[in-house]
Amino acid sequence: QVQLVESGGGLVQAGGSLRLSCAASGRTFSNYAMGWFRQAPGKEREVVAASSRNGGMTYYADFVKGRFAISRDNAKNTVYLQMNSLKPEDTAVYYCAAASPGPYGLRKVPSEYDYWGQGTQVTVSS
């Protein structure tokens, strides 16, 4: 079992920045590919960014490329999502997720992840 706890969400004006953190516990963090997802009211959960288990590979959804950055510190069992140039359409609940150990690489869809945090609300005002 892996437990994930997100933090860092909040209310920010358009153009501002936030840094989300996701602290993991329970198993060897460096064995897990990680991802950040978001879900807005009335919409499906969508991938925002993903990282391979050592951070050597990353993936970004087109709508966040150049604005968001995923990183991880395996020594601290934490994955981060730096969000810059935030837009009102970025408003959503943001979730981090961990994929059980498997082939090295990225996981881009929710069904590939086995563990989820409780989510943190990000609200961007115009």
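Everything numeric here is computed off the predicted structure, so don't read it as measured data. If you read the sequence from its start, that first residue is 1, and numbering goes on from there.
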Should [X] and [Y] count as side-chain neighbours, where that means a heavy-atom distance under 4.5 Å?
{"X": "Tyr59", "Y": "Ile70", "answer": "no"}
{"X": "Phe63", "Y": "Glu46", "answer": "yes"}
{"X": "Met83", "Y": "Trp36", "answer": "no"}

Residue pair [X] / [Y]: nearest heavy atoms and the distance that separates them:
{"X": "Ser30", "Y": "Asn74", "value": "CB-ND2, 3.5 Å"}
{"X": "Phe68", "Y": "Val48", "value": "CD2-CG1, 3.6 Å"}
{"X": "Ala69", "Y": "Tyr60", "value": "CA-OH, 3.3 Å"}
{"X": "Tyr113", "Y": "Ala50", "value": "OH-CB, 3.8 Å"}
{"X": "Ser100", "Y": "Tyr115", "value": "OG-CE1, 3.7 Å"}
{"X": "Tyr32", "Y": "Ala98", "value": "CD2-CB, 4.1 Å"}

Please list, chain by chain and in numerical order, all residues satisfying side chain to side chain contact (heavy atoms under 4.5 Å, CB included) with Glu44, sequence neighbours excluded.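 For Glu44 there are no side chain to side chain contact (heavy atoms under 4.5 Å, CB included) partners, ignoring immediate neighbours.
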Cation over ring, Arg53 on Tyr104, under 6.0 Å and within 45°?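 Pair Arg53/Tyr104 does not count as cation-pi.
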Cationic tip of Arg72 above Phe29 ring, under 6.0 Å, 45° of axis: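 Yes, Arg72 and Phe29 form such a contact.
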Would Thr123 and Gln121 count as having a side-chain donor-acceptor pair, cut-off 3.5 Å?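 Yes - a donor-acceptor pair under 3.5 Å links their side chains.
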Take Arg45 and Trp116, measure what side-chain contact (heavy atoms from CB on, under 4.5 Å) needs, and give me the verdict at the end. CA-CA 12 Å; Arg45 191 168 298 190; Trp116 294 82; 3.2 Å; yes
Any chance you could measure Met34, atom CE, to Thr78, atom OG1, to the nearest 0.5 Å?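 Between Met34 CE and Thr78 OG1, I get 9.0 Å after rounding to 0.5 Å.
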Starting at CD of Gln1, measure out to OG of Ser25 and round the result to the nearest 0.5 Å.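 Interatomic distance, Gln1 CD to Ser25 OG, rounded to 0.5 Å: 10.0 Å.
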Going by atom type alone, with no hydrogens or angles, which donor-acceptor pairs under 3.5 Å involve a side-chain atom of residues 4-20 and a protein atom two or more places apart or on another chain?
| unit_1 | atom_1 | unit_2 | atom_2 | d |
| --- | --- | --- | --- | --- |
| Glu6 | OE1 | Gln118 | N | 3.0 |
| Glu6 | OE1 | Gln118 | NE2 | 3.4 |
| Glu6 | OE1 | Gly119 | N | 2.8 |
| Glu6 | OE2 | Cys96 | N | 2.8 |
| Glu6 | OE2 | Gly119 | N | 3.3 |
| Ser17 | OG | Asn84 | OD1 | 2.9 |

With clusters defined by side-chain heavy atoms of hydrophobic residues (ILVMFWY) lying less than 4.5 Å apart, directly or transitively, does Val79 cluster with Val122?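 In one cluster with Val122: Val79, yes.
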Partner set under side chain to side chain donor-acceptor pair (under 3.5 Å) for Asp90, not counting sequence neighbours: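 Expected list: Arg38, Arg67.
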